[in-house]
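One is the number of the first residue; the rest follow in order along the sequence. Atoms within a ligand are numbered from 1 in the order they appear, just like the ligands themselves.
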Amino acid sequence: MHSAFAVFLLLLVAANSSGLPVAVIGATGKLGRHAVQKLVQQGCSVRCLVRCAPSSAAKPSNAQNATSAEVAAWLTTLPGVELVEGDVTDRQCVMELLRGCSACLALHGARRTTKLSDLLPWVDATREPAHAKQVNYEGVRHVIEAARASGTCKRIVRVTGKGETPWSIFSILINGLGSMAKAWNYEGERLLRACDDIDYTIVRPGYMGQVDAQLEGASLVLADNGGDLKVSGIPHSSVAQLCVRCLDFPNAARSTLCAMTAPKGQGADSFDPLLAEVAADTRRFAGGELFKRHVLAVRVGGLVMSGFAVGFVGGSVSVLRAALAMLTR
Ligand SMILES: NC(=O)c1ccc[n+]([C@@H]2O[C@H](COP(=O)([O-])OP(=O)(O)OC[C@H]3O[C@@H](n4cnc5c(N)ncnc54)[C@H](OP(=O)(O)O)[C@@H]3O)[C@@H](O)[C@H]2O)c1
């Protein structure tokens, strides 16, 4: 049964018309592994950037709790999938990855959490390779440069998130705890929108929850032109489908798409009919001033939360004191 399925997939790979591989960055992630699987099912060959080589000790697995090494080992079992070991912060690795590719899915994202030492005025945490500036911003710059150098890679699909509302509680928390990940993702978007020689599709999904969750009782909705939609949960597999399918829609080039779910009946069951309707960006997006607003929001949010924490601790101490006084009376 398994070998028959593998032969079927190999036939699809052979039938892939462009013949050029699609590069995937973040392939070991919860989103990336679904995207690779969908590309393979479509008959594409895939070249994945992975940060850890699949050791013989790693058991191939694409389970939600699998380690990156286990997912890398699983990727090697898929037909037409090739691994390139490296990091998106290493320009040369990205150059090698994109050589001869037709498109790149940049599905990576910084995993660094903010450290207390980041607050010290003499520390520049943004230089750390794992910092969101390096991964979500400089990494995107490397992808653009590598796409240009390749001469073959004409489309970059980048997954970011809603990033134009610095004062929302989600933005403050993600930026405050995650090394300004949202703010740097938006800066990466700006690099892409500034390219006039490479097409981009920016995907801003809602909260991607359970990796295997299906679209039960829900449907898919899409807004183009950087439009806003109410935040909702959306399965990784649905977002992966969008990232892969948009490659077949020329009208999705140079577009910023927000992808969410809505109650059944209010959207579509697949992204294809929604993608057929999208158009390239025309609105004026915020410039560098948005980053400053993200920084200000985190500072104010941090102060407010610290104030609440101090008030809460102070209140708790007073209550404890009063209780002790009553007990010892
Ligand atoms: N989860 C959500 O709800 C949500 C919502 C909106 C947007 N997003 C965006 O979508 C992205 C993908 O989501 P996810 O759930 O798949 O995240 P994930 O499971 O944390 O995957 C992140 C991927 O990025 C890779 N990566 C991190 N730093 C890298 C680097 N320096 N070079 C190369 N690869 C690097 C990781 O590699 P390793 O396996 O080696 O660590 C992993 O493959 C997120 O990072 C975020 O930016 C997520």
Any side chain to side chain donor-acceptor pair (under 3.5 Å) pairs touching residues 172-183, not counting sequence neighbours? Arg112-Ser179, Asn175-His294

Could you go through ligand 1 and list every pair where one of its N or O atoms sits under 3.5 Å from a protein N or O, giving the atom names and the distance to one decimal?
from: ligand 1; atom 1: 3 (O); to: Met208; atom 2: N; distance (Å): 2.8
from: ligand 1; atom 1: 8 (N); to: Thr160; atom 2: O; distance (Å): 3.4
from: ligand 1; atom 1: 15 (O); to: His236; atom 2: NE2; distance (Å): 3.0
from: ligand 1; atom 1: 16 (O); to: Lys30; atom 2: N; distance (Å): 3.1
from: ligand 1; atom 1: 16 (O); to: Leu31; atom 2: N; distance (Å): 2.8
from: ligand 1; atom 1: 19 (O); to: Lys30; atom 2: N; distance (Å): 3.1
from: ligand 1; atom 1: 19 (O); to: Arg111; atom 2: NH2; distance (Å): 3.2
from: ligand 1; atom 1: 20 (O); to: Arg111; atom 2: NE; distance (Å): 2.8
from: ligand 1; atom 1: 20 (O); to: Arg111; atom 2: NH2; distance (Å): 3.0
from: ligand 1; atom 1: 24 (O); to: Gly109; atom 2: N; distance (Å): 3.4
from: ligand 1; atom 1: 31 (N); to: Asp87; atom 2: OD1; distance (Å): 2.7
from: ligand 1; atom 1: 31 (N); to: Asp87; atom 2: OD2; distance (Å): 3.4
from: ligand 1; atom 1: 32 (N); to: Asp87; atom 2: OD1; distance (Å): 3.2
from: ligand 1; atom 1: 32 (N); to: Val88; atom 2: N; distance (Å): 3.0
from: ligand 1; atom 1: 37 (O); to: Thr28; atom 2: OG1; distance (Å): 3.4
from: ligand 1; atom 1: 39 (O); to: Thr28; atom 2: OG1; distance (Å): 2.7
from: ligand 1; atom 1: 39 (O); to: Ser68; atom 2: OG; distance (Å): 2.6
from: ligand 1; atom 1: 40 (O); to: Arg51; atom 2: NE; distance (Å): 3.0
from: ligand 1; atom 1: 41 (O); to: Arg51; atom 2: NH2; distance (Å): 2.7
from: ligand 1; atom 1: 41 (O); to: Arg111; atom 2: NH1; distance (Å): 2.7
from: ligand 1; atom 1: 43 (O); to: Gly26; atom 2: O; distance (Å): 3.4
from: ligand 1; atom 1: 43 (O); to: Thr28; atom 2: OG1; distance (Å): 2.8
from: ligand 1; atom 1: 43 (O); to: Gly29; atom 2: N; distance (Å): 2.9
from: ligand 1; atom 1: 45 (O); to: Gly109; atom 2: N; distance (Å): 3.4

Please examine the side chains of Glu189 and Arg204, heavy atoms only from C-beta on, and report whether any two atoms are closer than 4.5 Å. yes

Pairing donors with acceptors under 3.5 angstrom, does anything connect the side chains of Thr28 and Arg51? no

Pairs flagged by ring-ring contact (aromatic ring centres under 6.0 Å, His included) wherever residues 135-164 is involved - sequence neighbours left out: Tyr137-Trp184

Whether the Asp281 and Ser255 side chains hold a donor-acceptor pair (N or O, under 3.5 Å, no angle test) is what I'd like checked. no

Checking Glu187 now: which residues fulfil salt bridge (Lys or Arg N to Asp or Glu O under 4.0 Å) with it, not counting sequence neighbours? Arg190

